[in-house]
2 protein chains.
Amino acid sequence: MSDIKRRANPLFLREEELRLAMELLFFAYRDFTGEADGILESYNFGRAHHRVIYFVGREPGMSVKDLLHILSITKQSLSRVLSQLVDEGFIEQRTGVNDRRQRLLYLTSKGQKLEQQLSKSQSRRIAEAYRLAGADAVDGFRKVLMGITDEKERFAQLNDDLQD
Amino acid sequence: MSDIKRRANPLFLREEELRLAMELLFFAYRDFTGEADGILESYNFGRAHHRVIYFVGREPGMSVKDLLHILSITKQSLSRVLSQLVDEGFIEQRTGVNDRRQRLLYLTSKGQKLEQQLSKSQSRRIAEAYRLAGADAVDGFRKVLMGITDEKERFAQLNDDLQD
DNA sequence: CATATATGTCAACATTGCTGACGTAGTTTA
DNA sequence: TAAACTACGTCAGCAATGTTGACATATATG
């Protein structure tokens, strides 16, 4: 593949640029989750368990319904992993005060420990990438990823705060 | 969650910054693959088929071994989807010339059409995000994603070319 | 009281990973 | 040339995680 072809054909360059982006997303996401997957294995958990632990850790006391909405999976799918996490003492369910139909979700201290262990492995990777890339790059990273995401509102507020 | 807490505690801000990155990766990746998943469904294919079609389209004539290495899956896992793609006429296998043990992989014209249809849906999303974010942001996006990836060499050359 | 909502459960199925075992054709090497 | 290695394929079974559809229970709400 010659330089001539690249320089002569701007459309080729553009296609390659988009291919690079797609591959970066694929490989980066795979490596990003890879380390945590290893930790989870030792607990006989999978990535689905991780997501539940992550989001409950981020917003303790959230309802099952809210969690379903964030994860965009069916209650039957969630039920399988959630029951395991509750049975094995990583997550605690408390009946809602306002609405007693709700089973609000909290991490137990055991759950918190696992959450931190998992987050640490991923945070380290992100932090290192951020450090190497520099502040401007971090800003661009966020801008582009937000552009790729459907529900951008989800991040708008926090992103604005971080811009300061 | 008050501004006071944020301003008073830089560690809190940092944690939130890393959380934002993790969630952006999660949601962006999901939405990035979502559209293509829909198209694949109409062919009774899954994301694994997409990956095969994508990488064979990018490097026609690659060997099964090379593909296995890129995908990091077992030959048994690949076999399932690859056989389907060959049986249904999306991919063609030709015996290698130098090494007749190899079954080199090519997209048929049917396969190319599907590849383009799938890529188009994802390219459009990336291109739009790039356009909104601007050139500097794109550069930062690539820098950070490369930092997150393990085998950075994979992208080094192309990335350098695009920097010009 | 009737209806809607939040949650849970049972059953069946699809996709896509994995391991282990075995086979065949073709290449390399001692 | 015979032995060993390599590329590829296949069969069988298992696990994780997503799906649909049906049904049940407790609670809220108009």
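The figures that follow rest on heavy atoms only: side chains count, while hydrogens, waters and symmetry mates do not. Quick caveat: nothing in here was measured; it's all calculated off a predicted structure. Lettering of chains follows the sequences in order, A, B, ..., and the numbering in each one begins at 1.
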**Q** NA contact type, A:Arg80, heavy-atom cut-off 4.0 Å: base, sugar-phosphate, or nothing?
**A** base

**Q** Just to be sure I understand the rule, does A:Gln84 reach a base, reach only the sugar-phosphate, or reach nothing, if contact means heavy atoms closer than 4.0 Å?
**A** nothing

**Q** For D:dG9, take OP1 and OP2 only and decide whether either is under 4.0 Å from a side-chain N or O of B:Ser79.
**A** no

**Q** Over how many whole Å does the gap from B:Arg101 atom CZ to C:dG26 atom P extend?
**A** 10 Å

**Q** State whether B:Arg58 and A:Glu23 are salt-bridged, where the test is any N-O pair (Lys NZ or Arg NE/NH1/NH2 against Asp/Glu carboxylate O) under 4.0 Å.
**A** yes

**Q** On DNA chain D, does the nearest nucleotide to B:Leu68 precede the nearest nucleotide to A:Asp99 from the 5' side, or the other way round? Give the residue.
**A** B:Leu68

**Q** Can you find an N or O donor on one side and an acceptor on the other, under 3.5 Å apart, linking the side chain of B:Gln76 with the base of D:dG13?
**A** no

**Q** Does B:Arg100 put a side-chain nitrogen or oxygen below 4.0 Å from OP1 or OP2 of C:dT24?
**A** no

**Q** Determine the contact category for A:Asp37: base if any of its heavy atoms lies under 4.0 Å from a base atom, sugar-phosphate if only primed atoms, P, OP1 or OP2 are that close, otherwise nothing.
**A** nothing

**Q** Could you go through A:Leu104 and A:Tyr106, starting from their C-alpha distance and side-chain angles, then the distance that decides it, and tell me whether this counts as side chain to side chain contact (heavy atoms under 4.5 Å, CB included)?
**A** CA-CA 7 Å; A:Leu104 305 183; A:Tyr106 298 85; 3.9 Å; yes

**Q** Assess whether salt bridge (charged side-chain N to carboxylate O under 4.0 Å, His left out) is satisfied between B:Glu17 and A:Arg142, documenting all intermediate values.
**A** CA-CA 10 Å; B:Glu17 185 175 22; A:Arg142 286 200 289 248; 3.3 Å; yes

**Q** How long is the line joining CD1 of B:Ile73 and C1' of D:dA16, in whole Å?
**A** 16 Å

